[in-house]
Number of protein chains: 2
Amino acid sequence: MRVPKKERQRLLQETIEHNPFIKDEELSKQFSVSIQTIRLDRMELKIPEVRERIKHVASEHLDEVKSLSMSEVIGDMIDLKLDDSAISVLDIEKEHVFSRNEIARGHVLFAQANSLAVALINDELALTTKADIRFSRQVHLGERVVAKARVMKLRGDGRTDVTVESYVGEECVFDGDFTIYRRGEEEQA
Amino acid sequence: MRVPKKERQRLLQETIEHNPFIKDEELSKQFSVSIQTIRLDRMELKIPEVRERIKHVASEHLDEVKSLSMSEVIGDMIDLKLDDSAISVLDIEKEHVFSRNEIARGHVLFAQANSLAVALINDELALTTKADIRFSRQVHLGERVVAKARVMKLRGDGRTDVTVESYVGEECVFDGDFTIYRRGEEEQA
DNA sequence: AAAGAACTTAATACCTGGTACTAATAGCAG
DNA sequence: CTGCTATTAGTACCAGGTATTAAGTTCTTT
């Protein structure tokens, strides 16, 4: 039943992660050590007491409502030549990924690319009307995505074709062809 | 400062509902009564102590995470038949629109549709690999968007084609064809 | 085998945010 | 004034800890 300290602490961490509601007493039974040992372990691993853990879970729940405000999922613009080309950078953080596997959600990459394409247009009103997009590689928590947009064709009728390619390092992770409508008040973005 | 009992209890209930983390002590200050009075009030109203309230909020949260992260869908899922069809509703609010003209940003509609398409897939891992989308009408602040997703083709190779159409009332405002990858750990969403 | 270090357990005082219960007081109506 | 409700006070007790000091118990290393 009894496992060495290192192993016990690894298991402890896992156990608590998967059930934050468990008390020291239960843990001590589960690992067949004294309560004090569990507490030392928690200290070393910097795991807070059960009430704090519960509070943490609960408070995450509360912000969930406002979490996906989406308003600024767009990254930082680092270069912009209107009606020509633009570059933005987005660091993938916790709120951008599926909690289960830490892979960035599709609409995050889309949002970065779309926002960039729209920003590129030198006009008061610019709205996306159409987009063909491909996700070519997963993007993980902590990675930095650089999106590069270029105007391909400025049509006379108010439509502009913009291509966006997003990279993590050398690798292309996303690309899309956007048609942006400018000026008029029809169409959609 | 001091309000009659009935009124105080009504406010107490509201206060706690909107902030379940509040302690008796704070409440007693807020209502300028003693802690004991607050406790009598809670008794009468059958409101549990703060730790229980927090635990309750937290456990709701856990359920959600386990129940295949409905929370990760944007908008409210109102119907879901796995691997068949799904419907979600999203009310367009301030954070979804361009402040200049109160038109919903493209990636908001995309996010609703994309999330719905991904949620539809009856698998642990589901990631968008490709999407062709069209925005056919502007969506304005305050409008309610209903997205309807339907699985079109379940290919053998792990790819599934999903079509999503989003409506405001009778009008189609967005539609898209998504290719979702399931299972494996390649590709991207 | 003895010494030391690392690990484990024990014991005790104290903390927060309560419950449960008893009793005293305040404020007002009849 | 009596009676009633509402409020406040006080005490004992609880869970689930923290923090600290001290005492074993192993394991290793010389």
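Sequence lines set the chain letters: A, B, ... in the order given, protein chains first and strands last, and positions in each chain run from 1.
Separating the CG atom of B:Leu27 from the P atom of C:dT16 is a distance of 18 Å, rounded to the nearest angstrom. Atom P of nucleotide D:dT8 and atom CZ of B:Phe31 are separated by 13 Å, given to the nearest angstrom. Rounded to an integer number of Å, the gap from B:Glu26 CD to C:dG18 P is 10 Å.
Residues B:Val164 and B:Leu154 fall within the same hydrophobic cluster, defined by Ile, Leu, Val, Met, Phe, Trp and Tyr side chains chained together at heavy-atom separations under 4.5 Å. Connection of A:Met152 to A:Ile133 is not established within any shared hydrophobic cluster, with ILVMFWY side chains joined at heavy-atom distances below 4.5 Å, either directly or through further cluster members.
For the pair A:Glu7 (side chain) and A:Pro4 (backbone), a donor-acceptor distance under 3.5 Å is absent.
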Protein N or O to nucleotides 14-22 of chain D N or O, pairs below 3.5 Å:
residue	atom	partner	partner atom	Å
D:dG16	OP1	A:Lys23	NZ	2.6
D:dG16	O4'	A:Arg51	NH2	2.5
D:dG16	N9	A:Arg51	NH2	3.3
D:dG16	N3	A:Arg51	NH1	3.4
D:dG16	N3	A:Arg51	NH2	2.5
D:dG17	OP1	A:Val50	N	3.0
D:dG17	OP2	A:Asp24	N	3.1
D:dG17	O5'	A:Asp24	OD2	3.4
D:dG17	O5'	A:Arg39	NH2	3.4
D:dT18	OP1	A:Arg42	NH1	3.2
D:dT18	OP1	A:Arg42	NH2	3.4
D:dT18	OP2	A:Arg42	NH2	3.0

Tabulate atom names and distances for all N/O pairs under 3.5 angstrom spanning the protein and nucleotides 4-8 of chain C.
residue	atom	partner	partner atom	Å
C:dC7	OP2	A:Lys5	NZ	3.4
C:dT8	OP1	A:Arg8	NH1	2.8
C:dT8	OP2	A:Arg8	NH2	2.8
C:dT8	O3'	A:Arg2	NH2	3.2

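The ring pair (Phe, Tyr, Trp, His ring centres under 6.0 Å) analysis of residues 108-130 of chain B, with sequence neighbours excluded, yields the pairs A:Phe110-B:Phe110, B:Phe110-B:Phe178.
Residues meeting the side-chain contact (heavy atoms from CB on, under 4.5 Å) test with B:Lys46, sequence neighbours left out: none. Partners of B:Arg51 according to the side-chain contact (heavy atoms from CB on, under 4.5 Å) rule, which considers only residues two or more places apart in sequence or in another chain, are B:Glu49.
Within the 4.5 Å cutoff, the side chain of A:Val145 has no heavy atoms near those of the A:Tyr167 side chain.
Each of B:Gln13, B:Gln36, B:Gln9 was compared with B:Asp41 under the side-chain hydrogen bond (donor to acceptor under 3.5 Å, both in side chains) criterion, and only B:Gln9 meets it.
Considering all non-hydrogen atoms of both residues, A:Ile180 and A:Ala126 come closest at CG2-CB, 3.9 Å.
Residue B:Glu25 qualifies as open at atom CD: its count of foreign heavy atoms under 6.0 Å is 12 or below.
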- [ ] Indicate for each nucleotide in nucleotides 25-30 of chain C, in 5' to 3' sequence, whether protein heavy atoms under 4.0 Å reach the base (B), only the sugar-phosphate (S), or nothing (-).
- [x] ------

